[in-house]
Amino acid sequence: MADDSMSTPTGSARRRAGGRGRRRKPPVRRKGWRIAIWSLAALVVLGGTGLGFLYFKLNGNLNSVDINAALGKDRPVNVDNGSQDILVLGSDSRAGANGKYGRDEGSSRSDTAMIVHIYAGHKQASVVSIPRDTIVPRPSCTTPEGKTSPAVKHAQFNEAFTVGGAACAVKTVEAMTAIRMDHYLEVDFAGFQKLIDKLGGVEVTTTKPIHDKWSHLDLSAGTHTLDGEQSLGLVRTRHGVGDGSDLGRIKLQQAFIKALMNQVKSVGMFSSPTKLYGLADTATKAVTTDRELGSLEKLYSFASGLKGIGSSDMHMVTLPVGDDPVDHNRVIPVPEASALIWKALRADQPIPESAVKAGAGATTDADGVVK
């Protein structure tokens, strides 16, 4: 499916903005929707070709979080209807290799957040992007120190990750949506950049020049093969396109994901063991998953189940939001439209166009800038 345009943002909302479980299908072969999952899945092939030692090395690179143990039974009902829901986060930690992207303040936030719904049959998917500055209720969460952070009625969405990491982010999303997340995937800045470089870059076409000193991006209008640094700049830029809102950045992220999917599909990873190993080694170090995806076998099964989904099968939308009456530098979900989206996904149904077109995030100056 093509990207959906949404209605015109309201004044200040454009200036900033800045249930249920599903079971996995049996593994088939080939083609996931993210480069990390693609390369990890592909590497499992090596385990049966006398290179098992590489398999075990890479399996040891993986980091995972036991979401089920952390959240217990206080979650939406686990409904088995053949679909899946995955929370995908991009971490903005400045620790370690990410230090060049800003000062390390000892914490991180979910710079990018998407709920990916894979429909039963695994032929289509809907992706709902959540603006990081959305004000939502946050449930009580356990901090990394083992203490309890009390529930709050009004919290910035990406603070959940800061307060309690992956488990708190998942708990907050499940409270918002009444949909149980089957899986969790997280990629950080440095890992994202390295993955794109290992892939050989991603080709995009820009319809306008993009210049942003903050994200170190300088692109003329036209077709470009972006390396890792440029790709990271594109998905992070807020000041280079439109009015500088987070809603505009989300549009660029959605367009980039589709370009990335097309690029991955065209790369013959299986024909080059060296390239395959490089991608897999980088990916296993870059991603954090839930415990249920925390091995190469499990990732392979998961990725293989997505083989029928291409970029044209991804319905990408932004959570409908409007001005927060308390703080005009923040946004709040549009209640009726948001409820329609979550109801549709819980029922494994397409998202209604009436919901897509509601709220300030409907259209931005970033629409169509990247193709």
Side-chain angles (χ1 to χ4, degrees), residues 6-18 76 87 89-92 102 105-115 128-143 147-179 214 236-239 241-253 317-343 345 351 354-366:
M6 308 179 216
S7 59
T8 303
T10 57
S12 60
R14 294 187 57 190
R15 290 191 292 274
R16 40 75 226 67
L87 176 61
L89 296 184
S91 167
D92 71 349
E105 298 178 345
S107 64
S108 59
R109 298 188 180 189
S110 50
D111 191 65
T112 301
M114 299 177 178
I115 297 173
V128 182
S129 295
I130 304 175
R132 65 180 187 173
D133 295 339
T134 305
I135 300 300
V136 299
R138 177 180 61 76
S140 63
C141 290
T142 302
T143 70
K147 299 179 180 180
T148 298
S149 178
V152 293
K153 292 183 178 179
H154 304 283
Q156 189 168 302
F157 174 79
N158 66 345
E159 289 180 356
F161 187 76
T162 305
V163 169
C168 189
V170 170
K171 191 174 184 179
T172 300
V173 166
E174 292 184 344
M176 288 174 57
T177 64
I179 300 172
W214 300 103
R236 293 182 62 222
T237 187
R238 294 178 64 176
H239 307 286
V241 177
D243 57 13
S245 74
D246 197 41
L247 300 174
R249 174 166 59 179
I250 285 173
K251 289 294 186 181
L252 299 182
Q253 292 171 349
V317 304
T318 303
L319 179 69
V321 294
D323 287 326
D324 178 3
V326 176
D327 183 352
H328 290 292
N329 290 316
R330 300 292 179 264
V331 293
I332 57 174
V334 177
E336 298 83 1
S338 299
L340 284 174
I341 289 177
W342 309 138
K343 180 180 179 181
L345 297 188
I351 295 174
S354 59
V356 172
K357 294 178 180 178
T363 59
T364 78
D365 292 340

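Basis for what follows: all heavy atoms, side chains included, without hydrogens, waters or symmetry-related copies. This is a predicted model, so every value here is computed, not measured.
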Tell me, please, which residues at least two apart from [X] pass side-chain hydrogen bond (donor to acceptor under 3.5 Å, both in side chains).
| X | answer |
| --- | --- |
| S354 | none |
| S338 | none |
| S129 | Q254 |

* To do: May I ask you to decide if R236's main-chain N or O and R249's side chain share a donor-acceptor pair within less than 3.5 Å?
  => yes
In the structure I gave you, are the side-chain heavy atoms of [X] and [Y] within less than 4.5 Å of one another anywhere?
| X | Y | value |
| --- | --- | --- |
| F157 | V173 | yes |
| L247 | T318 | yes |
| V128 | T177 | no |
| T172 | P139 | yes |
| D327 | H154 | no |

Looking at every non-hydrogen atom in both residues, tell me the closest pair between [X] and [Y] and how far apart they are.
| X | Y | answer |
| --- | --- | --- |
| R138 | P150 | NH2-O, 3.3 Å |
| A355 | I341 | CB-CG1, 3.8 Å |
| T143 | S149 | CG2-CB, 4.1 Å |

* Asked: With I332, which residues qualify under side-chain contact (heavy atoms from CB on, under 4.5 Å), at least two apart?
  -> I135, D324, P325
* Could I get the full list of side-chain contact (heavy atoms from CB on, under 4.5 Å) partners for A167, not counting sequence neighbours? => I67, A70, L71
* I would like to know whether N329 and D133 meet side chain to side chain contact (heavy atoms under 4.5 Å, CB included); could you show each step before the answer? => CA-CA 8 Å; N329 290 316; D133 295 339; over 6 Å; no
* Structure fact -> Here the salt bridge (charged side-chain N to carboxylate O under 4.0 Å, His left out) pairs for residues 164-179, sequence neighbours left out, are R75-E174
